[in-house]
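Everything numeric in this text was worked out from a predicted model, so none of it was measured. Naming convention: chains lettered A, B, ... in sequence-line order (proteins, then strands); numbering from 1 in each chain. Computation of the quantities below employed the complete heavy-atom set of this structure, encompassing side-chain atoms and omitting hydrogens, waters and symmetry-equivalent molecules.
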Amino acid sequence: MLAYILRRILQSVIVMLVVALVAFSLFRFVGDPVSTLVGQEVTIAERETLRDQLGLNDPFPMQFASFIARAAQADFGISYRLQQPVMELILARLPATLELALVSGLFAFFFGVTLGVYTALNRRGWTSSAIMTVSLIGVSLPTFLIGVLLIWVFAVELQWLPSFGRGEVVDLGWWRTGLLTPSGRASLVLPAITLGLYQLTLIMRLVRAEMLEVLRADYIKFARARGLSNRAVHFSHALKNTMVPVITITGLQLGSIIAFSIITETVFQWPGVGALFINSVRTVDVPVMAAYLMLIALIFVVINLIVDLLYFAIDPRLRIDRSAVRH
Amino acid sequence: MTEPLLSVRDLVVEFPTRRGTLRALDRVSFDIEEGEVLGMVGESGAGKSITGAAIIGLIEPPGRIAGGEIWLRGERIDTLPPERMRRIRGKRIGMVFQDPLTSLNPLFTVAEQIIETIRTHLDMGEREARERAIALLDQVGIPAARRRIDDYPHHFSGGMRQRVVIALALAAEPELVIADEPTTALDVSVQAQIIDVLKEMCASRGASVLLITHDMGVIAETADRVAVLYAGRMAEIGHVQGVIQNAEHPYTRGLMGSIPTLTQSADRLVQIPGAMPRLNAIPDGCAFNPRCPQVFNRCRVERPELLDRGNGRRVACWLYDEAGVSGPGETAGERTGSQDG
Ligand SMILES: Nc1ncnc2c1ncn2[C@@H]1O[C@H](COP(=O)(O)OP(=O)(O)OP(=O)(O)O)[C@@H](O)[C@H]1O
Ligand code: SF4
Ligand SMILES: [Mg+2]
């Protein structure tokens with residue numbers, strides 16, 4: 001168990017190093033940091049001194065090592081565009097993105113599992129066919145189109161919900177939340193649905209397929225032959241077995257939700273890290289881009305790790321202990 | 001004669017498919033007496049498992065019981081509403097499946113699975129049910145049951161798991177246990193033990209058994225009577241010793257030829273050429289006629305019904321029709337006589 005965790009952590013570190021290499025290459029190959037930092041009138045000699053001071057003339061491995069050392073301390077330098085420490089910029093916007101991702105993830109998980117179980121148990125009903133058809137449309141529509149459609153219906157036509165921004169926010173120390181005010185919650189609805197819809201259909205289809213498979217299993221037949229109630233067979237036995245792979249995949253989806261929030265944040269002018277990233281790309285603000293890349297990678301890696309451990313906790317077959325071999 | 005525990009009358013099971021309806025069981029009739037072990041044999045696809053599924057009410061849709069009746073101790077059970085039938089499953093009819101590796105839910109401990117079964121059918125608290133579960137595991141021969149009960153199924157070997165499955169099937173003291181090839185998936189070395197455990201558990205409770213198997217040896221040692229199924233129809237039924245020593249149906253004779261005995265040398269083993277017909281291509285008349293060494297004209301035209309041959313033996317074969325005529329009326333008053341107490 002401990003060896004397994006250590007191995008997984010080592011893998012995670014390797015993944016992060018590879019991503020760091022990519023992020024670091026951005027500095028080398030996208031634009032010249034010196035020309036971004038200084039004006040046109042600075043002489044070539046002065047530029048050369050600055051280069052030396054910034055360590056840009058050091059050999060590649062040394063530069064990379066110092067990049068990693070700084071990244072490990074969450075130091076990504078100063079944003080070219082906003083002239084503020086990159087980490088400060090990101091931390092200020094991270095709560096907005098995480099709240100959006102978490103709410104849409106919960107939304108996708110809850111409705112995805114419910115609808116998936118429903119369509120699996122009522123396979124032949126017409127409501128199930130209707131849900132499946134609608135979900136097919138849901139998967140094929142691009143996110144920004146869904147966002148625009150939702151804005152048009154609920155913000156423009158019906159005027160029920162706001163179409164942009166985060167509403168009123170409350171400061172809880174360094175975390176700025178929109179969950180505590182009515183306008184904050186109302187502002188969250190449309191972006192959360194937009195961001196979660198794709199994952200919802202994905203989870204629903206996964207749950208459905210998995211559950212249909214499980215319902216054919218021998219242990220389900222045997223559970224029925226033991227006279228257990230339908231409720232016990234479906235919601236205790238079948239659901240638990242269905243959830244093992246679903247939890248893994250859903251957990252991993254949380255990473256993509258955070259990554260994909262770029263589009264939703266742009267459509268809804270949501271003040272999160274995704275929007276910050278888009279603006280940085282537009283202005284070739286390399287430190288912010290690199291930091292964003294590393295952050296997303298870190299989130300993916302951490303989620304992966306948590307999901308693996310969760311999987312371990314749910315499925316007793318993976319808990320290989322000494323009793324596994326006794327007969 | 002007292003009323004049988006289970007009585008299956010002219011049971012027909014059909015599977016509608018795109019290319020017509022398949023008849024998996026065609027007018028199958030037999031009884032199981034109180035405390036009796038009825039063996040059921042037949043080639044793969046003969047309809048043995050479907051018979052078990054029909055009795056316990058678990059034929060998978062779109063398959064359905066299209067005719068006949070099933071009576072459990074004087075109560076008709078094939079037409080019960082689903083919820084009433086559910087309460088019979090596990091409580092009055094227990095089931096043991098072929099593969100113990102897949103019969104148990106891998107995510108629940110043995111304790112959880114037995115206790116939920118007990119509490120579904122018997123009015124018992126958690127603690128009382130747990131004690132009962134431990135006692136059951138003890139009876140089926142799980143060593144250190146009190147400690148092992150909280151293990152997950154994958155902690156047990158195949159033979160041990162099948163013992164757990166037997167404990168589960170008997171958890172609510174059913175009157176009938178259907179065991180569908182309970183040892184086929186097991187290591188040869190433990191097969192006999194598992195059959196013994198099953199036999200012992202049922203005998204001590206007075207439960208009857210429908211023992212489905214390919215293995216005539218197991219039938220010979222375990223069953224009181226044996227029913228032979230061919231292409232969804234009954235070929236022969238009777239007391240085990242009688243059927244083994246003097247099989248009357250040509251198909252049964254072929255089957256018996258497949259049990260090696262000390263007195264029979266290999267060249268005397270009867271071989272049945274050909275294969276059982278598919279359900280969509282069952283010949284007219286006797287289903288066995290293309291393979292039968294004694295086939296004659298009538299066999300290709302008229303289907304033989306079970307004929308009473310005395311002493312509890314019934315055979316569906318024209319060779320034994322002394323009157324030379326048969327009619328549908330002959331099925332009336334069907335009873336397989338069993339002298340076993
Ligand atoms: N869902 C189904 N749809 C169509 N036909 C089916 C279905 N289930 C079973 N059958 C048919 O019913 C017949 C009897 O099947 P059954 O499983 O009872 O055979 P069996 O005697 O138990 O064979 P085995 O020894 O292989 O277990 C087979 O010919 C099979 O093709
Ligand atoms: S009825 Fe005819 S074909 Fe069928 S088993 Fe008897 S002799 Fe053979
Ligand atoms: Mg079978």
Side-chain angles (χ1 to χ4, degrees), chain A residues 1 113 117 120-125 128 207 210-248 307 309-327, chain B residues 52-53 56-58 60-62 82-83 85-109 112-114 116-121 143-144 147-148 150-161 165 168-172 174 178 180 185:
Chain A
M1 173 82 191
V113 171
V117 169
L121 291 181
N122 304 283
R123 193 156 35 121
R124 291 174 225 277
S128 296
V207 168
E210 200 59 43
M211 185 122 179
L212 286 177
E213 185 74 36
V214 167
L215 284 174
R216 276 195 294 271
D218 279 356
Y219 54 78
I220 295 297
K221 274 188 212 139
F222 189 49
R224 284 193 208 286
R226 284 187 276 145
L228 303 187
S229 66
N230 271 340
R231 214 182 62 212
V233 172
H234 293 158
F235 298 111
S236 168
H237 281 266
L239 191 58
K240 191 165 181 187
N241 288 275
T242 302
M243 289 320 279
V244 172
V246 170
I247 293 225
T248 330
V307 165
L309 297 181
L310 211 61
Y311 201 58
F312 223 73
I314 295 180
D315 195 334
R317 284 166 296 186
L318 295 178
R319 281 180 239 141
I320 303 160
D321 49 5
R322 245 160 255 105
S323 60
V325 284
R326 89 185 174 219
H327 284 288
Chain B
I56 204 165
L58 284 178
E60 274 173 37
E83 182 56 23
M85 190 59 211
R86 174 182 76 71
R87 278 191 225 139
I88 288 182
R89 285 199 285 274
K91 177 81 186 86
R92 299 188 59 196
I93 307 178
M95 183 115 193
V96 176
F97 286 106
Q98 179 171 337
D99 190 353
L101 300 187
T102 55
S103 296
L104 298 169
N105 192 326
L107 301 188
F108 292 82
T109 62
E112 285 167 335
Q113 300 188 53
I114 303 187
E116 83 176 324
T117 310
I118 293 174
R119 296 195 63 194
T120 299
H121 298 295
R147 187 164 53 80
R148 298 297 310 272
D150 289 310
D151 282 349
Y152 286 92
H154 69 273
H155 289 138
F156 294 85
S157 66
M160 284 296 157
R161 275 193 235 189
V165 169
L168 271 164
L170 285 153
I178 301 172
D180 191 350

Engineer: Any idea which heavy atoms bring B:L168 and A:F222 closest together, and the distance?
Structural biologist: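 Taking B:L168 first and A:F222 second, the nearest heavy atoms are CD1-CE2, 3.5 Å.
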Engineer: Should A:N241 and B:P106 count as side-chain neighbours, where that means a heavy-atom distance under 4.5 Å?
Structural biologist: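 Yes, side chains in contact.
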Engineer: Take B:Q113 and A:H237, measure what side chain to side chain donor-acceptor pair (under 3.5 Å) needs, and give me the verdict at the end.
Structural biologist: CA-CA 10 Å; B:Q113 300 188 53; A:H237 281 266; 5.2 Å; no
Engineer: Heavy-atom pairs under 4.5 Å with chain A: which of B:E83, B:M95, B:M85, B:R86 has the most?
Structural biologist: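 Max contact count across the listed options: B:R86.
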Engineer: Is it the backbone or the side chain of B:I88 that comes under 4.5 Å from a heavy atom of chain A, or both, or neither?
Structural biologist: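 Contact with chain A involves no heavy atom of B:I88 at all.
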Engineer: Would A:K240 and B:F108 count as a cation-pi pair here, with the cationic atom under 6.0 angstrom from the ring centre and within 45° of the axis?
Structural biologist: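 Yes, A:K240 lies over the aromatic ring of B:F108.
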Engineer: How close do B:T117 and A:L228 get, counting heavy atoms only, and between which atoms?
Structural biologist: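 Minimum heavy-atom separation between B:T117 and A:L228: CA-CD2, 4.1 Å.
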Engineer: Mark yes or no for whether B:H121, through its side chain, and A:R226, through its backbone, hold a donor-acceptor pair below 3.5 Å.
Structural biologist: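 A pair under 3.5 Å: yes.
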Engineer: Measuring from B:L107:CG to A:T242:OG1, what's the distance to the nearest 0.5 Å?
Structural biologist: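 Separation between the atoms: 9.5 Å.
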Engineer: Name the region of B:L104, side chain, backbone, both or neither, that has any atom closer than 4.5 Å to a heavy atom of chain A.
Structural biologist: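 Interface part for B:L104: both.
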Engineer: Would you mind telling me which of B:D99, B:V165, B:V96, B:L101 has the largest number of heavy-atom pairs within less than 4.5 Å of chain A?
Structural biologist: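 Option with the top pair count is B:V165.
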Engineer: Determine the option with the most heavy-atom pairs under 4.5 angstrom with chain A, choosing from B:T120, B:I56, B:T102.
Structural biologist: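 If we count pairs closer than 4.5 Å to chain A, B:T102 comes out on top.
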Engineer: List for me each residue that meets side chain to side chain contact (heavy atoms under 4.5 Å, CB included) alongside A:A238, sequence neighbours excluded, and say none if there are none.
Structural biologist: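 With neighbours one apart ignored, the set is A:M211, A:V214, A:L215, A:I220.
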Engineer: Is A:A225 close to chain B through its backbone or its side chain, or both, or neither, when contacts mean heavy atoms under 4.5 Å?
Structural biologist: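 For A:A225, the contact with chain B is made by backbone and side chain together.
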